Amino acid sequence: MNRRHKTYATLFAALTSAILLASCSTANPVRATREDPYPYWEKGAGAPEAAAFMKVQIPKGATEVKGAVQVNPQEDNYILTFRTDRTTASQVAADLRSEEPLEQWKVSRTPSFEYFRHFGLPEPETLKDAVHTGVCPPCVKDYRRRSVAWIEIYIENLASNQARVYLRAF
């Protein structure tokens with residue numbers, strides 16, 4: 001190989017390496033600035049969209065029904081909350097087919113994320129007497145919810161046999 005071909009080969013190898021390194025880089029200067037659009041609340045998405053994703057029926061007679069979709073780069077979060085009677089709230093939880101029963105939630109003073117504050121409600125992790133369970137629908141062969149990786153429910157017992165249901169899924 002003559003000297004000219006060797007120089008071109010070296011230049012080609014260096015250029016190829018630079019392109020590969022640049023394409024594999026996870027550094028994104030835009031993502032590190034305040035211009036980062038994520039997460040954001042999807043406009044026009046509410047309770048019907050959240051319930052449809054979760055494959056959850058909003059109970060007849062439920063009040064204070066609110067839902068939203070928080071868009072994220074990897075997985076969107078669907079949240080739904082409503083007020084109903086305690087029996088119906090327990091039926092909604094049973095329909096999730098969790099292998100774990102509803103259990104008293106140990107209060108966390110600092111929730112890791114803020115979803116329900118979007119509605120002006122406290123985060124369910126901060127509620128003193130809430131019960132909680134969660135489930136991976138594909139793990140329990142709940143094929144109705146194939147596209148749901150995780151769904152969790154918190155039930156806050158209120159006065160007069162009422163309960164507020166908090167659901168979050170991704």
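What you see is a predicted model, and the numbers here were worked out from it, not measured in a lab.
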Interatomic spacing from [atom1] in [X] to [atom2] in [Y] - rounded to 0.5 Å:
| X | Y | atom1 | atom2 | value |
| --- | --- | --- | --- | --- |
| Ile79 | Leu167 | CD1 | CG | 10.5 Å |
| Arg97 | Cys139 | CZ | SG | 14.0 Å |
| His132 | Glu152 | NE2 | CD | 4.5 Å |

Before giving the answer on side chain to side chain contact (heavy atoms under 4.5 Å, CB included), spell out for Ile151 and Tyr78 the whole-Å C-alpha distance, their side-chain angles and the decisive distance to 0.1 Å. CA-CA 9 Å; Ile151 187 167; Tyr78 294 78; over 6 Å; no

Taking the side chain as C-beta and beyond, is there a heavy-atom pair between [X] and [Y] under 4.5 Å?
| X | Y | value |
| --- | --- | --- |
| Tyr166 | Pro122 | yes |
| Glu99 | Thr133 | no |
| Asp95 | Arg144 | yes |

Do [X] and [Y] share a hydrophobic cluster (ILVMFWY, side-chain heavy atoms under 4.5 Å, transitive)?
| X | Y | answer |
| --- | --- | --- |
| Val71 | Phe170 | no |
| Leu121 | Leu127 | yes |
| Trp150 | Val140 | no |

For Ala163 against Asn157, the heavy-atom pair lying closest together: CB-OD1, 4.2 Å

Which atom of Asp129 lies closest to which atom of Gln104, heavy atoms considered: CA-NE2, 3.2 Å

Does the pair Arg168 and Tyr154 meet the rule for a side chain to side chain contact (heavy atoms under 4.5 Å, CB included), with working shown? CA-CA 9 Å; Arg168 185 177 72 87; Tyr154 292 84; over 6 Å; no

In a table with atom names and distances, give each donor-acceptor pair under 3.5 Å that connects a side chain of residues 50-66 to protein atoms at least two apart or in another chain.
unit_1: Lys55; atom_1: NZ; unit_2: Ala52; atom_2: O; d: 3.3
unit_1: Glu64; atom_1: OE1; unit_2: Arg164; atom_2: NH2; d: 2.2

Does the side chain to side chain contact (heavy atoms under 4.5 Å, CB included) test come out yes or no for Leu158 and Arg86, once each step is laid out? CA-CA 9 Å; Leu158 305 171; Arg86 291 180 187 173; 5.6 Å; no

Residue pair Gln70, Asp76: steps toward the side chain to side chain contact (heavy atoms under 4.5 Å, CB included) verdict: CA-CA 6 Å; Gln70 187 188 64; Asp76 296 341; over 6 Å; no

Sort out for me which residue in Ile155, Ile153, Leu80 forms a side chain to side chain contact (heavy atoms under 4.5 Å, CB included) with Val92. Ile153

Please state whether the rings of His118 and Trp41 are parallel, tilted or perpendicular, taking 30° and 60° as the class boundaries. parallel

